[in-house]
Enquirer: 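Submitted below is the structure of interest, expressed as structure tokens.
Residue numbers count from 1 along this sequence. Values below: all heavy atoms of this structure, side chains included; hydrogens, waters and symmetry mates excluded.
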Amino acid sequence: MSARLTVIVVEEDRDRALAIIDALKATDDCDVVVIGNSSGLARKIAAHAPDIVLIDIDNPTRDMMEELTLASGPLDRPVAMFVSGAAGGLAQAAIESGVSAYVVDGLSPARIKPIMDTAIARFRMVRQMRSELAETRRALEERKVIDRAKGLLMKAKGINEDAAYTLLRKTAMDQGRRVADVAEALVTASGLLG
């Protein structure tokens with residue numbers, strides 16, 4: 001975190017907001033914007049495109065969690081939520097909405113920086129896992145299409161699986177395309193013709 005961060009703090013209590021600002025300013029590597037009223041939260045957060053959102057709420061509700069999901073873009077940026085006490089199952093809802101850190105017993109200025117760093121690290125880890133999962137799914141789908149294309153070639157040309165793959169690969173190289181793209185075109189054409 002060598003670059004300067006833009007931090008949005010959602011805090012209705014002015015004194016607590018000032019304490020949070022002071023704690024964040026002490027780190028000298030962030031710009032802080034305070035949102036004191038949670039109405040129109042999505043628009044307010046989007047206007048600043050922050051690197052992280054810190055939310056301090058006494059008693060979060062399910063409606064607030066839904067607003068948070070819309071407002072914070074939890075898949076786009078880390079969110080740390082500080083609550084006063086255990087709020088009957090809302091921790092699960094917070095995590096499901098994409099909150100990176102859910103801290104019970106409120107916000108202590110001395111703990112802000114370590115919690116913020118942890119939320120950012122957890123967010124990056126989850127984003128990387130999502131990216132890897134999406135890549136794995138894409139690779140699996142491509143593998144399925146390639147297998148279908150090989151099956152079509154084996155049936156149409158009376159060749160074995162290795163020969164079918166070799167033909168797909170050679171065609172891809174000749175056309176300067178990926179094997180998966182050639183296989184997709186073959187499967188699509190077969191569907192149109194059959």
Side-chain angles (χ1 to χ4, degrees), residues 1-8 29-30 41-43 45-55 62-81 89-103 114-194:
M1 278 198 313
S2 59
R4 203 161 171 78
L5 296 176
T6 299
V7 179
I8 285 201
D29 62 352
C30 59
L41 193 58
R43 180 181 42 78
I45 289 175
H48 296 284
D51 296 303
I52 185 169
V53 177
L54 304 178
I55 300 177
R62 292 213 181 268
D63 290 340
M64 178 61 172
M65 298 311 302
E66 289 175 16
E67 175 72 13
L68 172 62
T69 301
L70 295 171
S72 62
L75 301 179
D76 299 328
R77 69 186 57 86
V79 176
M81 179 177 276
L90 284 181
Q92 180 71 26
I95 298 302
E96 288 172 0
S97 74
V99 170
S100 302
Y102 185 85
V103 182
I115 290 171
M116 194 168 75
D117 292 343
T118 301
I120 291 170
R122 182 174 184 274
F123 171 79
R124 288 179 179 157
M125 180 188 71
V126 169
R127 183 173 56 189
Q128 179 180 350
M129 288 180 355
R130 281 188 173 120
S131 174
E132 289 171 1
L133 178 60
E135 178 61 27
T136 300
R137 285 181 177 157
R138 186 194 59 75
L140 181 60
E141 288 304 314
E142 285 182 355
R143 186 80 240 149
K144 288 179 184 177
V145 169
I146 290 170
D147 286 344
R148 285 183 61 201
K150 287 190 304 186
L152 291 169
L153 289 172
M154 290 165 57
K155 183 177 177 183
K157 294 196 168 270
I159 56 178
N160 67 23
E161 185 176 356
D162 289 338
Y165 184 75
T166 300
L167 182 57
L168 278 173
R169 192 178 68 215
K170 181 181 179 328
T171 303
M173 288 184 351
D174 290 347
Q175 295 178 1
R177 298 169 63 193
R178 297 176 341 124
V179 172
D181 294 338
V182 170
E184 179 72 37
L186 179 62
V187 169
T188 301
S190 171
L192 292 173
L193 297 173

Enquirer: With sequence neighbours excluded, give me every side-chain hydrogen bond (donor to acceptor under 3.5 Å, both in side chains) pair touching residues 157-169.
Expert: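 Non-adjacent pairs meeting side-chain hydrogen bond (donor to acceptor under 3.5 Å, both in side chains): Lys150-Glu161.
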Enquirer: Rounded to the nearest 0.5 Å, how far does CE of Met154 lie from CG of Leu167?
Expert: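 One gets 12.5 Å once the value is rounded to the nearest 0.5 Å.
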Enquirer: Could you tell me whether a side-chain N or O of Arg122 sits under 3.5 Å from a main-chain N or O of Ala101, the two making a donor and an acceptor?
Expert: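 No; zero donor-acceptor contacts below 3.5 Å.
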Enquirer: Can you see which heavy atom on Ile146 is nearest to which on Leu168, and at what distance?
Expert: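 Of all heavy-atom pairs spanning Ile146 and Leu168, the closest is O-CD1, 4.0 Å.
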Enquirer: Distance from Arg124 atom CZ to Met129 atom CE, nearest 0.5 Å?
Expert: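 Spacing of CZ (Arg124) from CE (Met129) equals 15.5 Å.
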Enquirer: For a quick test of reading the model, state the closest non-hydrogen atom pair linking Cys30 to Val7 and the distance between them.
Expert: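 Reported closest heavy-atom pair: CB-CG2, 3.8 Å.
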Enquirer: Do you know the tightest heavy-atom contact between Pro50 and Val53?
Expert: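 Smallest heavy-atom distance, with atoms named: CG-CG2, 3.9 Å.
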Enquirer: Can you name the side-chain contact (heavy atoms from CB on, under 4.5 Å) partners of Val145, sequence neighbours left out?
Expert: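 Once residues adjacent in sequence are excluded, the partners of Val145 under the side-chain contact (heavy atoms from CB on, under 4.5 Å) criterion are Ala183, Glu184, Val187.
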Enquirer: Side chain to side chain contact (heavy atoms under 4.5 Å, CB included) with Asp51: which of Leu5, Ile8, Ile120?
Expert: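 With Asp51 as partner, side chain to side chain contact (heavy atoms under 4.5 Å, CB included) holds for just one option, Leu5.
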Enquirer: Sequence neighbours left out, what passes side chain to side chain donor-acceptor pair (under 3.5 Å) with Arg138? Give chain and number order.
Expert: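 Checked Arg138 against side chain to side chain donor-acceptor pair (under 3.5 Å); matches are Glu135, Glu142.
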Enquirer: Nearest 0.5 angstrom please: His48 NE2 to Thr6 OG1, how far?
Expert: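 Separation between the atoms: 9.5 Å.
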Enquirer: Where the side chain of Thr136 meets the backbone of Glu132, is there a donor-acceptor pair that is under 3.5 Å apart?
Expert: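 Yes, the answer is positive, given that a donor and an acceptor are paired below the 3.5 Å cut-off.
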Enquirer: May I ask you to decide if Pro114's main-chain N or O and Thr118's side chain share a donor-acceptor pair within less than 3.5 Å?
Expert: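 Looks like yes, one N/O pair under 3.5 Å.
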Enquirer: Where do Thr171 and Leu186 land on the side-chain contact (heavy atoms from CB on, under 4.5 Å) test, with the steps shown first?
Expert: CA-CA 11 Å; Thr171 303; Leu186 179 62; over 6 Å; no
Enquirer: Closest heavy-atom contact between Ala119 and Ser100?
Expert: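 Where Ala119 meets Ser100 most closely, the heavy atoms are O-CB, 3.5 Å.
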Enquirer: Specify the closest pair of heavy atoms between Ala185 and Arg177, including all atoms of both residues, with the distance to one decimal.
Expert: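 Ala185 and Arg177 have their closest heavy atoms at CB-NH2, 3.9 Å.
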